[in-house]
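Down below is the structure, laid out as structure tokens.
So you know, we letter chains A, B, ... as the sequences are listed, proteins then strands, and number each from 1.
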Amino acid sequence: MFSNIALAYVFIYVCIGLIAAGIILLFHMKIKHNAEQKQMEAYREKHRDYFVYIQSHLYDDVELKLPPGPLKKLERRVIEDKLIDWIEQFKGESRTKLVSLCKQSGFVAAEMKLLESLFAGRRIEAAYRLGGMRAEEAVPALEELMDSSSYGPQSIIFARAIAKSADRPDQIRMMLTKLLASGKPIHHLAADILLETRLDSAALLHKLLEDSDPGLVKVALVAMWGQAVPAAVPALDRLVGSEQKDVRAEAVKLYLASNPVMKDDTIAQLMKDEEWEVRAATAKALGRLHAAGSIPLLTAGLHDENWHVRHSSAESLSRLGEQGFEQLCQAALSTGAARDIALSRIEQVMAKEKEHEAVEQIVSFNKKKLIYESYFGMTPKKVAVQIAGVGGDYSA
Amino acid sequence: MWEAIILLRDILLTYGMVAIYYVMFVNVLYFAIMLFSFKDIRNIFRRASFSKYNTLSGSELVPSVSLLVPSFNEELTIIENVRCLMTLNYPTYEVIVINDGSSDSTMDVLIKEYELVPLTNPEVRGSIPTKNVRCVYHNEKYPHLLVIDKDNGGKADSLNAGINMSRYPLISSIDADSLLEKDALIRMARMYMENPEETVAIGGDVRIANGCVIENGAVKDVSLPKRIWPMFQSIEYLKAFLGGRIGWSRINGLIIVSGAFGLFRKDYVIAVGGYRGGYPGEDMNIIIKLHRYMLENKLKYRIAFCPEAVCWTQAPDSYSILSNQRKRWGRGNLKNMIENRDMVFNPRFKTMGMLTMPYNVIFEALNPYFRITGLLALIGYVLLDMTNWHILLVFGLVNLASGYLLSVGALILEELAFRRYTKLSDLVKMLFFSALKFVGYHQLGVLWRVQGHIQYLQNNNSWGTMTRQSWKDKNKAA
Amino acid sequence: MSPTATLQRKQQGDIRSLIEQEVRKLPNSTCGLLYLYCAGNLPDLEGHVNRFLQTLSGVNSEIRKDETTQTLAVLFPGLALDAAHYQSLLLKQHLLDIKPDADPKMTLTSVSQVPSSQMLKTLAESARLSVTTDIQIFTDDQAENASRILIVDHDESVREFLQIRLAMQGYETLEAVDGLEALKMIPMWEPDLVLTEINLYGIDGLPFIHHIHQLDVKAPPKIVVLSEKRVEQTISQCFQNGVDDYVTKPFSPVELDARIRRCLH
């Protein structure tokens with residue numbers, strides 16, 4: 001029996017050995033790191049005047065001088081990081097100046113060398129910094145790195161570096177293709193990366209919309225949100241009829257956001273689309289467009305199975321004057337989901353319009369109030385909150 | 001007679017040896033999991049330090065999140081907590097505070113601070129059954145804040161009520177006694193965006209805030225707790241989150257996402273019926289349910305852990321509160337294990353069925369019993385044969401050395417990637433308390449777990465007391 | 001007239017006549033003028049400075065000593081402010097290399113015509129009495145234009161940059177780290193414009209802006225937002241809440257200048 005205990009002894013010795021090694025390692029790391037931090041702080045202090053100098057003369061028509069003196073490795077790192085910080089913060093001429101300063105100081109060349117390092121960590125760090133310094137000469141090497149790594153956090157770091165550095169649209173396109181090759185639906189992330197470019201993003205997006213790769217089209221559509229790209233409308237016209245439902249949904253949303261003039265049957269068709277995003281976007285747009293046939297369509301939209309469509313329909317109805325408001329009141333007397341959404345919208349309208357001061361707004365409010373009272377009586381009818389009662393859906 | 005004693009002695013020894021081997025095996029297994037963490041830690045460090053969060057945190061392309069804050073009798077911490085949540089570095093989100101029928105003035109404090117007014121006919125979007133919602137409050141000046149006042153129904157019930165009111169496709173549950181770092185949510189979102197279709201839940205790293213300086217809803221100065229109970233928990237959390245969860249998440253076998261801070265896809269949470277009410281351990285329960293749902297429907301998925309997203313929480317700093325919390329955990333875990341016993345060693349459930357669940361049953365739930373009976377057997381054996389007293393020492397040393405090794409491992413992980421505690425003295429203090437933990441605290445932990453199990457068997461289902469101190473008092477005290 | 005006063009006038013006359021000479025030589029160019037004072041005793045300061053300046057290739061310089069204020073005036077003929085700034089920081093680093101606790105204080109300006117002796121005196125005094133270790137820069141705009149701008153941002157590097165930039169433009173600036181601090185400072189300091197990030201600690205941007213409007217001040221400050229946030233909804237909410245302009249980061253400093261100017265006038 002006792003021979004078995006030998007293993008336990010071995011186990012204990014191994015543990016104690018590892019503990020001792022671990023503690024030594026811990027202290028070594030801690031002391032080294034703290035010393036490094038202290039040194040970096042000292043260098044930051046030493047170069048304060050240089051940093052102030054850069055910040056004071058970023059815009060005048062002058063060429064910035066290189067950091068003074070022979071620099072130690074850590075010192076270079078401190079200055080480089082500071083420059084990258086500013087490059088990320090500024091755009092326009094100031095950024096261009098800082099970028100060329102990085103090149104002249106040899107920071108770019110040094111990081112380029114590190115891209116070939118045997119250690120993955122060094123390569124990733126170098127890629128990150130090269131992106132920060134907008135080094136277009138690093139793009140081919142970065143592309144290679146992206147090819148050789150499987151999809152994950154590091155390939156996203158490479159992709160961002162390429163997006164920042166690239167000075168040709170085809171490099172961006174190539175990067176996006178590589179990123180999407182994983183097959184994961186990461187269009188939003190890709191769009192965010194794409195927008196880091198310093199190229200003219202409107203032209204770039206316009207071109208991507210014409211691309212044969214539906215993935216890239218989708219990235220472009222997603223990226224176009226919030227960016228006014230009027231030149232893209234013809235391309236959108238085509239994409240609105242796309243077979244791919246998510247491409248169609250994004251395209252319709254963008255198309256409607258540009259306040260187009262639409263035929264009644266186009267609207268009716270969009271409100272019947274199988275994709276809820278299309279219906280919701282249409283319902284939302286109808287509130288702005290004041291098209292003749294909107295009210296019946298929106299009333300029908302109140303009964304849609306999707307919450308977003310119901311919500312947008314109610315919102316749009318409340319914008320379409322007394323007629324729309326009356327439809328809301330009627331729906332509030334019905335049952336089910338339509339009633340909930342209508343009630344909630346009515347309360348919001350009544351609460352908000354009370355605050356108006358202009359004469360025509362008061363007139364409009366009084367009209368609505370009359371309608372309201374004809375449906376619900378003089379005092380606001382409190383409907384008990386029912387969380388569990390009515391059915392809902394969770395498409396949100 | 002003599003032979004019977006010899007037989008008894010041999011039986012006791014054999015059982016004691018089995019217990020020693022059991023402890024060794026558990027720790028080797030735990031160490032193997034930790035090796036996965038070590039394998040991943042450099043990647044985590046890189047993705048955290050070489051991703052610029054500022055561009056992402058202002059972008060329209062980041063998914064919107066509803067933060068759910070269930071709160072029960074939190075009048076002292078709730079304002080600081082909401083203030084913290086209202087100032088996160090995140091493009092589009094809403095904060096939904098759910099007052100779970102507090103008996104103190106949680107609701108009044110909120111109404112006063114944010115000048116809230118009741119919302120007439122609020123629109124309820126979900127239909128998970130919950131206790132009666134009395135009223136929903138808001139204020140136009142704070143368009144992203146919503147407060148739900150409802151009858152008391154427990155934490156799970158509150159979360160469900162929050163889900164019913166939430167607008168956005170992602171939900172995040174946050175304890176009312178916790179503070180998020182400004183970047184915490186955007187870091188999680190970055191992880192989510194990397195693989196949006198397959199990610200169903202992401203857990204955050206929870207750390208102990210006692211001892212830190214807190215100002216305007218943010219941790220301003222990080223330092224270790226000064227009191228002994230929170231200090232032990234600090235090390236415990238470090239070990240569990242860095243040593244354990246990074247490794248488990250790597251093999252997609254994470255069994256729990258801390259209730260203090262987690263991000264979920266709302267559609268899947270609703271698909272599994274929301275949180276289970278009426279029993280503690282709802283945070284583990286929801287994760288098991290998600291695993292089950294995804295595996296049964298043969299959907300590709302991942303439940304991830306994002307250690308760079310940090311949440312600072314107030315740890316119990318007195319014996320009674322801590323013991324209540326631990327008993328509750330023990331009770332909840334046992335309940336979850338028993339409810340899901342069909343998953344254990346069921347190949348249909350992959351990593352979850354073959355590794356995580358068996359591990360949790362054999363090496364977590366049953367752990368105290370093996371250790372206690374093993375110790376008793378060895379004591380009995382030594383009483384019968386005094387010459388072999390040193391076997392007790394071996395048992396003790398196996399426990400101590402392996403446990404300490406795991407603590408050291410966790411500290412190395414922390415040092416490699418996070419370095420939240422910068423002072424050299426902090427390191428010394430943590431090493432010291434890691435050792436001290438084995439004198440008393442560790443044994444208490446075992447005891448509490450057993451007591452929790454007993455409570456489960458007795459059908460005792462109270463939440464136990466959990467009194468709070470305000471952040472300010474606590475900083476003075478801790 | 002006391003002897004010291006005579007001496008002083010002589011010294012200033014010296015540097016003044018020197019500037020006069022140089023300006024006449026290069027009528028369309030500027031000269032950098034640096035006043036240097038070493039608080040930590042550095043023996044033979046003049047000699048050190050002289051030797052160092054001679055090692056700089058392509059840079060002319062003249063030194064005059066001002067006995068009353070114990071300062072050195074260094075004139076860089078033909079150098080614009082930025083180049084003079086660079087030479088000055090090289091000189092400062094050199095002095096610190098010789099004696100780490102030399103504590104050199106510098107005030108720098110550029111002149112294109114002969115300055116008044118009053119101005120020279122001010123410059124010398126400001127070098128001697130300076131409390132910062134930074135090189136202080138005087139620009140022409142400084143005196144006349146004194147709009148006050150409060151900078152609110154939790155990022156130190158952003159605050160530093162804006163402070164330097166706006167001070168160069170002749171604005172008076174103060175910094176606040178978060179919204180709550182800013183709300184305390186506004187009634188006391190009454191800035192003309194608040195330049196703020198909307199993602200702040202302590203209080204969220206929208207309520208912060210709302211609170212500014214509620215403050216009891218004579219003239220409510222203009223508000224310009226400089227933020228990472230590019231979400232359309234947030235931007236329109238800001239304008240609804242009475243924000244005067246919204247600039248997103250990364251920003252172009254030149255454009256920011258223009259927008260601030262437009263808001264103030």
Inset, instruction - Search all heavy atoms of C/Gly202 against all heavy atoms of B/Arg83 and return the closest pair with its distance. - result: O-CG, 3.1 Å

Inset, instruction - Please say whether more than 12 non-hydrogen atoms of neighbouring residues, nucleotides or ligands are located less than 6.0 Å from CD in B/Glu113. - result: yes

Inset, instruction - Output the distance between atom OG (B/Ser57) and atom NZ (C/Lys229), rounded to the nearest 0.5 Å. - result: 8.5 Å

Inset, instruction - State the CG-OH distance between C/Asn199 and B/Tyr90, to the nearest 0.5 angstrom. - result: 13.0 Å

Inset, instruction - Kindly state each residue pair satisfying ring-ring contact (aromatic ring centres under 6.0 Å, His included) with at least one member in residues 205-244 of chain C, sequence neighbours excluded. - result: none

Inset, instruction - Say whether C/Asn241 and B/Lys141, considering side chains only, have a donor N or O and an acceptor N or O under 3.5 Å apart. - result: no

Legend entry - Contact check, side chains of B/Glu60 and C/Arg230, non-hydrogen atoms, under 4.5 Å: no

Legend entry - side-chain contact (heavy atoms from CB on, under 4.5 Å) between B/His144 and C/Asp204, worked out: CA-CA 10 Å; B/His144 312 302; C/Asp204 188 28; 4.3 Å; yes

Legend entry - Segment of C/Ile203 engaging chain B (4.5 angstrom heavy-atom cut-off): backbone

Legend entry - chain B contact via C/Leu200 - which portion, at a heavy-atom distance below 4.5 Å: backbone

Legend entry - Qualifying side-chain hydrogen bond (donor to acceptor under 3.5 Å, both in side chains) pairs, either residue in residues 214-225 of chain C, two or more places apart: none

Inset, instruction - Would you mind telling me which of B/Leu61, B/Asn89, B/Thr87, B/Thr92 has the largest number of heavy-atom pairs within less than 4.5 Å of chain C? - result: B/Thr87

Inset, instruction - Counting only heavy atoms closer than 4.5 Å, note whether B/Leu88 contacts chain C via side chain, backbone, both or neither. - result: backbone

